[in-house]
Amino acid sequence: MKQQDLFIYNSLSKSKEKFVPITEGAIGMYVCGPTVYSNVHLGNCRTFLSFDLIFRYLKHLGYKVRYVRNITDAGHLENDGESGDDPILKKARLEQLEPMEVVQKYTVDFHTVMAKFNALPPSIEPTATGHIYEQIDIVEKIIEAGFAYEKNGSVYFDVLKFNETNNYGKLSGRQIDDMIANTRELAAQSDKKNPQDFALWKKAEPQHIMRWPSPWSDGFPGWHLECTAMSTKYLGNQFDIHGGGMDLKFPHHECEIAQAEACNHVTPVNYWMHANMLTLNGKKMSKSTGNFILPDDMFTGENNILSKPFSPTVTKFFMYQAHYRSILDFSSDALEASEKGFNRLMDAYRMLSDLNASEKSSVDIEGWRKACYDAMNDDFNSPILIAHLFETVKYANAITEGKETISEKDLALLKQTMHDFLFDVLGLEESVLENSQDGEKLNAAVALLIKLRNKARADKDFAMSDKIRDELASKGIQLKDGKDGTTFSLN
RNA sequence: GGCAUCGUGGCCGAGUGGCUAGGCUCAGCUCUGCAAAAGCUGCUACAGCGGUUCGAAUCCGCUCGAUGCCUCCA
């Protein structure tokens, strides 16, 4: 695949920019991963699937991509002011588990879910607890640089001081003066000089069991620090792409920029990318409000939200029919529409194998292919890509009916391009049954029933033929009579 | 309150200053023993009000509405 002009929307400049990697042909990409103190919900998955698409497309373009996505298994403060509890510790008390047992349980869950979605694993998946030394090291450097202060065993980043020489707020568009003006005086007991300051290191209370020694206290790292430590460790002080959910833009990513600039004296990231939220009932999916659905509950259909189960690949297809920067609302109707479209698209893909080539093409496959790439090169516009892929349905039908012709070369190109986008870039999967042994047995059994039914139809025994058809339908097997015989699909 | 985003046809959802996105639904037709499936055809929208322009859903202003962030969250 020859290198093409790729445009990426950069949250920093709020505009699409031509993508130029720091090192030609290679890309460093960091994405904020999950906090593993509960099951990932579907909203979390959307972000990771958005970046899976981006990862896959960059690789498809021929880049060597190092994709780093962390596991947050410690240290995110729940309340910056007084309690100092982090969610992992809280959950551990609740379930009478070791913190690392909680972490392990939900890390496994996360990996299992992402595998069901056929998401590629990142190149490196570092954990926060595995990088405590690196985080302490950064705190020391920031203190040396004069942008942090220690108070009662905790260390805080001095935002106002930093803002004198740097620009705190450039990513989220916030003005430091506005932030000061709008701060309410709630945390009276805070060790912070200013409410805008954020913790780099937090002294652990006696009952706090996740703790590590440091020059300042036995404690734990502040919740923005791990990403700075791990991204720069594996990708360098400056790297190409940093991604995450829109909700992390402020304060998390803003603080990451500040930490990295204070520590390394260069701005860390060239392209900031933010994936938008998946909403349910018009509201952001969120653990804390209970407004969410678990992936497994939608695969099995065990939920009160959807009319039926939906497979991981259909769910993913549904997500990719919206652009990653748009809010996407989740509903049964929308999922069903996507499922039907997905099936039609996959049917068309299979039809390509049966197409007969002609001397010449009456369809413009080269042009179509370019349109597909243009869509993805325009900030990974998967909905447009999918719209183009649907044109294949029309091509396949028209060629089958002899209304259009296609040359051997174009047919090969069409098949290859469809395969590339469907499976390599979008990472979709054909239904599990199609390739499995059980699927073959089912095929054989239904084929027999189809044969019997056709015999009955030939004998004009419609009572029998309809009985076969209707009983299969009631079991979720739908027969489809076509010109070239009968096929079936599972509902 | 501050910062930001968004409001598109029955539903979902792209989009650019001027040329039908696409999917689903629906209607008609073809096919069919009937039905389903499949195919073909049709369905021209852009919150409201002003403004800029030869021309705006697309740019600007205001109004209304929604969402996200400002506290853990993808």
Side-chain angles (χ1 to χ4, degrees), chain A residues 11 14 31-35 37-38 40-51 72 76-81 85-87 90 169 172-175 177-179 181-184 186-187 196 223 243-252 254 274-279 282-289 292 317-318 321-323 325-331 333-342 344-345 347 351 375 378 381-391 393-394 396-398 400-401 403 457 460-462 465-466 469-470 473 478-483 486-489:
Chain A
S11 299
K14 298 193 206 310
V31 171
C32 292
T35 304
Y37 64 91
S38 61
V40 285
H41 63 248
L42 203 64
N44 300 316
C45 294
R46 185 189 180 201
T47 294
F48 302 127
L49 290 173
S50 292
F51 285 102
T72 295
H76 275 201
L77 295 175
E78 193 174 51
N79 184 329
D80 226 7
D85 268 354
D86 80 44
K90 200 172 185 185
S172 56
R174 277 157 219 259
Q175 298 297 126
D177 294 338
D178 292 342
M179 292 170 59
N182 286 299
T183 303
R184 283 179 296 172
L186 282 182
Q196 293 72 224
W223 69 279
M246 199 71 102
D247 49 354
L248 296 183
K249 200 189 227 178
F250 187 90
H252 184 58
E254 202 72 73
H274 290 97
N276 219 139
M277 302 291 103
L278 183 65
T279 62
K283 293 272 199 308
K284 174 187 171 184
M285 277 199 200
S286 166
K287 206 82 189 179
S288 52
T289 58
F292 68 92
F317 184 72
F318 160 74
Q321 278 190 295
H323 187 80
R325 281 193 289 114
S326 298
I327 291 170
L328 175 62
D329 192 55
F330 184 80
S331 71
D333 285 350
L335 255 319
E336 281 178 47
S338 282
E339 182 171 54
K340 285 178 185 167
F342 172 76
R344 199 160 79 93
L345 187 59
D347 284 346
M351 276 177 77
D378 184 14
N381 199 321
S382 57
I384 297 283
L385 168 68
I386 290 171
H388 288 311
L389 297 185
F390 269 107
E391 288 167 30
V393 178
K394 290 196 179 8
N397 286 315
T400 303
E401 290 171 22
K403 288 179 185 166
R457 291 173 75 198
K460 303 242 188 284
D461 182 2
F462 296 124
S465 67
D466 289 355
R469 176 223 287 163
D470 296 342
Q478 185 184 36
L479 298 186
K480 299 174 176 180
D481 295 326
K483 272 188 184 137
T486 303
T487 57
F488 73 97
S489 66

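Below, read A as the first sequence line, B as the second, and so on, with proteins coming before strands; counting in each chain starts at 1.
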(message) Nearest whole Å is fine: how far is B/A21 P from A/His323 NE2?
(response) 19 Å
(message) Say we look at B/A45 and B/G9: how far apart would their C1' atoms be, to the nearest angstrom?
(response) 4 Å
(message) Counting C-beta onward and ignoring hydrogens, is there a side-chain heavy-atom pair between A/Leu335 and A/Lys340 closer than 4.5 Å?
(response) no
(message) Could you tell me the Watson-Crick or G-U partner of B/A38, where both distances fall under 3.5 Å? Say none if there is no partner.
(response) B/U30
(request) Sticking with atom C1', work out how far B/A14 lies from B/U44, rounded to a whole angstrom. (result) 16 Å
(message) With rounding to the closest Å, how many angstrom separate the C1' atoms on B/G61 and B/U20?
(response) 32 Å
(message) Taking any heavy-atom pair under 4.0 Å as a contact, classify A/Gly282: base, sugar-phosphate, or nothing.
(response) sugar-phosphate
(request) Rounded off to whole Å, could you give me the CZ-to-P distance for the A/Arg174 and B/C3 pair? (result) 10 Å
(request) Using a 4.0 Å heavy-atom cut-off across all strands, classify A/Glu401 as base, sugar-phosphate, or nothing. (result) sugar-phosphate
(message) Any N or O donor-acceptor pair under 3.5 Å from the base of B/A35 to the side chain of A/Asp481?
(response) yes
(request) Output the single nucleotide from B/C12, B/A14, B/G22 whose closest atom is nearest the side chain of A/Phe390. (result) B/G22
(message) Closest-nucleotide mapping onto RNA chain B: is A/Asp347 or A/Ala275 further toward the 5' terminus? I mean the 5' end.
(response) A/Asp347
(request) Tell me what A/Asp470 touches on the nucleic acid: a base, only sugar-phosphate, or nothing, going by heavy atoms under 4.0 Å. (result) nothing
(request) Figure out the CG/C1' separation between A/Leu328 and B/C24, and round it to whole Å. (result) 15 Å
(request) Mind checking A/Leu248 for me? I need base, sugar-phosphate or nothing, with any heavy atom below 4.0 Å counting as a touch. (result) sugar-phosphate
(request) Give A/Ser172 one of three labels, base, sugar-phosphate or nothing, depending on what nucleic acid heavy atoms sit under 4.0 Å from its own. (result) sugar-phosphate
(message) Does the structure show A/Phe48 stacking with B/A74, if we require the centres to be closer than 5.5 Å and the planes to be within less than 30 degrees of parallel?
(response) no
(message) So, OP1 or OP2 of B/U25: does either fall under 4.0 Å of a side-chain N or O from A/Lys340?
(response) yes
(message) Would you say that A/Phe488 contacts A/Gln478 through its side chain, given a criterion of any heavy-atom pair below 4.5 Å between the two side chains?
(response) no
(request) Answer whether the closest heavy-atom distance between the side chains of A/Phe51 and A/Cys32 falls below 4.5 Å. (result) no
(request) Name the pairing partner of B/U53, where a pair is Watson-Crick or G-U wobble with both distances under 3.5 Å, or state none. (result) none
(request) Record whether the side chain of A/Asp461 comes under 3.5 Å of the base of B/G33 through a donor-acceptor pair of N or O atoms. (result) no
(request) Tell me the partner of B/A21, counting only Watson-Crick (N1-N3 plus N6-O4 or O6-N4) or G-U wobble (N1-O2 and O6-N3) with both under 3.5 Å; none if nothing fits. (result) none
(request) Give the nucleotide from the list B/C24, B/A74, B/U67 with an atom nearest to the side chain of A/Met285. (result) B/A74
(message) Just N and O in the side chain of A/Lys403: are any of them under 4.0 Å from OP1 or OP2 of B/C40?
(response) no
(message) A side-chain contact here means heavy atoms from C-beta on lying under 4.5 Å apart; do A/Asp247 and A/Met277 qualify?
(response) yes
(request) Measure the distance from CD on A/Glu339 to C1' on B/U25 and round it to the nearest whole Å. (result) 15 Å
(message) Need to verify one output field. Residue with the more 5' nearest nucleotide on RNA chain B, A/Gly43 or A/Gly341?
(response) A/Gly341
(request) Would you verify whether the NZ or CZ of A/Arg344 falls within 45 degrees of the ring axis of A/Phe390 while also being under 6.0 Å from that six-membered ring's centre? (result) no
(message) Nearest whole Å is fine: how far is B/G10 C1' from A/Glu336 CD?
(response) 15 Å
(request) Would you mind classifying the nucleic acid contact of A/Phe250 as base, sugar-phosphate or nothing, using non-hydrogen atoms under 4.0 angstrom? (result) sugar-phosphate
(message) When you measure only distances, ignoring hydrogens and angles, does the side chain of A/Arg469 come within 3.5 Å of the base of B/C34 through a donor and an acceptor?
(response) yes
(request) Under a 3.5 Å limit for both distances, which nucleotide forms a Watson-Crick or G-U wobble pair with B/C64, could you say? (result) B/G7
(message) Can a side-chain donor-acceptor contact be found between A/Asp329 and A/Thr279 if the only test is distance below 3.5 angstrom?
(response) yes
(request) Kindly indicate whether the side chain of A/Phe342, heavy atoms from C-beta on, has any atom under 4.5 Å from the side chain of A/Phe318. (result) no
(message) Whether A/Lys283 contacts B/U67 is assessed here as follows: a side-chain N or O lying under 4.0 Å from the phosphate OP1 or OP2. Is that the case?
(response) yes
(request) Could you check if a side-chain atom of A/Ser382 sits within less than 4.5 angstrom of a side-chain atom of A/Gln321, using non-hydrogen atoms only? (result) no
(request) Would you indicate which nucleotide in B/G23, B/G39, B/C12 comes nearest to any side-chain atom of A/Asn397? (result) B/G39
(request) Please tell me which of the listed nucleotides, B/G23, B/C11, B/A74, lies nearest to the side chain of A/Lys394? (result) B/G23
(message) With a 4.0 Å cutoff (strictly under), does any side-chain N or O of A/Ser326 reach OP1 or OP2 of B/A14?
(response) yes
(request) For A/Asn276 and B/G68, give me the distance from atom CG to atom P, rounded to whole Å. (result) 10 Å
(message) Contact between A/Phe292 and A/Leu42 at the side-chain level, heavy atoms closer than 4.5 Å - yes or no?
(response) no
(message) Can you check the distance between B/A21 and B/C29, where both ends of the measurement are the C1' atom (answer in whole Å)?
(response) 25 Å
(request) Please state whether the phosphate of B/G23, meaning OP1 or OP2, lies under 4.0 angstrom from any side-chain nitrogen or oxygen of A/Arg344. (result) yes
(message) B/G15, OP1 or OP2 - any side-chain N/O from A/Asn381 closer than 4.0 Å?
(response) yes
(request) Looking at every strand, decide which applies to A/His41 at a 4.0 Å heavy-atom threshold: base, sugar-phosphate, or nothing. (result) base
(request) Tell which nucleotide pairs with B/U44, taking only Watson-Crick or G-U wobble pairs whose two distances are both under 3.5 angstrom. (result) none
(message) Nearest whole Å is fine: how far is B/C69 P from A/His252 NE2?
(response) 15 Å
(message) Starting the side chain at C-beta, find the nucleotide from B/C72, B/C12, B/A74 nearest to A/Trp223.
(response) B/C72
(message) Counting the atoms with a prime plus P, OP1 and OP2 as sugar-phosphate, which does A/Gln478 contact under 4.0 Å by heavy atoms, base, sugar-phosphate, or nothing?
(response) sugar-phosphate
(message) Nearest whole Å is fine: how far is B/C24 C1' from A/Ile386 CD1?
(response) 14 Å
(request) Could you work out the separation of B/C43 and B/C11 based on their C1' atoms and round it to a whole Å? (result) 14 Å
(message) What's the gap between B/C46 and B/C12 when it is taken at their C1' atoms, as a whole Å value?
(response) 15 Å
(message) When the C1' atoms of B/C60 and B/U52 are compared, how many Å lie between them, rounded to an integer?
(response) 7 Å
(message) Between B/A47 and B/A37, how many Å separate the two C1' atoms, rounded to a whole number?
(response) 40 Å
